[in-house]
Amino acid sequence: MKKTVSILAIVCFLASCAMRTHMNVDVTDHRGVPVSGATVLVDGRNIGQTPNASVRVSNLAGSLPVIRVWKEGYIPVQREAAGEIKVASLIGGILILVPFLWIYGPSSHQHITLMPQPAN
């Protein structure tokens, strides 16, 4: 009985850890050169400027955040975050079903490419 309770406690802990993801946003230009000073918004909330733009977001199924990035001289970009299957939630979901709500969420690393504004 103690072994079963211990296993369930560990699974619940792992599943609860997987309910949120620390998401870093990496921005480069069209040549692959990192862009510093680009403003990053996630779901309308300013999370800072590159290269240090990061935020904790929910892994709730069906709720990938929208990322918006802009900087003077570049065309602004807005897109849904790239997603991935969360392994801890998958294992927890198989064992106790509830974590299936958090099985798919945003990747911890998001890459955005900015294109320069065309010259007039």
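Quick caveat, the model's predicted, so the values are computed rather than measured. The figures that follow rest on heavy atoms only: side chains count, while hydrogens, waters and symmetry mates do not.
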Can any side-chain N or O of Lys71 pair as donor or acceptor with the backbone N or O of Pro76 at less than 3.5 Å?
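No, because the side chain of Lys71 does not come within donor-acceptor range (under 3.5 Å) of the backbone of Pro76.
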Work out which heavy atom in Ser54 is nearest to a heavy atom in Asn24; give both atom names and the distance.
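Closest approach of Ser54 to Asn24, heavy atoms only: CB-OD1, 3.0 Å.
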Taking it one step at a time, do Arg56 and Thr21 satisfy side chain to side chain contact (heavy atoms under 4.5 Å, CB included)?
CA-CA 5 Å; Arg56 288 188 59 82; Thr21 295; over 6 Å; no
Does anything in residues 31-51 form a salt bridge (charged side-chain N to carboxylate O under 4.0 Å, His left out)? List the pairs, not counting sequence neighbours.
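Salt bridge (charged side-chain N to carboxylate O under 4.0 Å, His left out) check on residues 31-51 returns Asp29-Arg31.
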Considering only Ile, Leu, Val, Met, Phe, Trp and Tyr, and joining two whenever side-chain heavy atoms are under 4.5 Å apart, list the other residues clustered with Val25.
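In the cluster with Val25 are Met23, Val27, Val35, Val40, Val42, Ile47, Val55, Val57, Ile67, Val69, Tyr74, Val77, Ile112, Leu114.
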pair Ile75-Pro118: side-chain heavy atoms closer than 4.5 Å
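Yes - at least one pair of side-chain heavy atoms lies under 4.5 Å apart.
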For the residue pair Pro106 and Pro65, establish whether any side-chain heavy-atom pair is separated by less than 4.5 Å.
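Result yes, sub-4.5 Å side-chain heavy-atom pair found.
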A quick test of your reading: do over 12 heavy atoms of other residues, nucleotides or ligands sit less than 6.0 Å from CD of Glu80?
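More than 12 heavy atoms, drawn from other residues, nucleotides or ligands, come within 6.0 Å of this atom.
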Considering only residues two or more places apart or on different chains, which pairs with a residue in residues 109-119 satisfy side chain to side chain donor-acceptor pair (under 3.5 Å)?
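The answer is Asp26-His111, Thr28-His111, His111-Thr113.
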CA sep, side-chain torsions, deciding dist, call: His22, Ser108, side chain to side chain contact (heavy atoms under 4.5 Å, CB included)
CA-CA 6 Å; His22 186 85; Ser108 60; over 6 Å; no
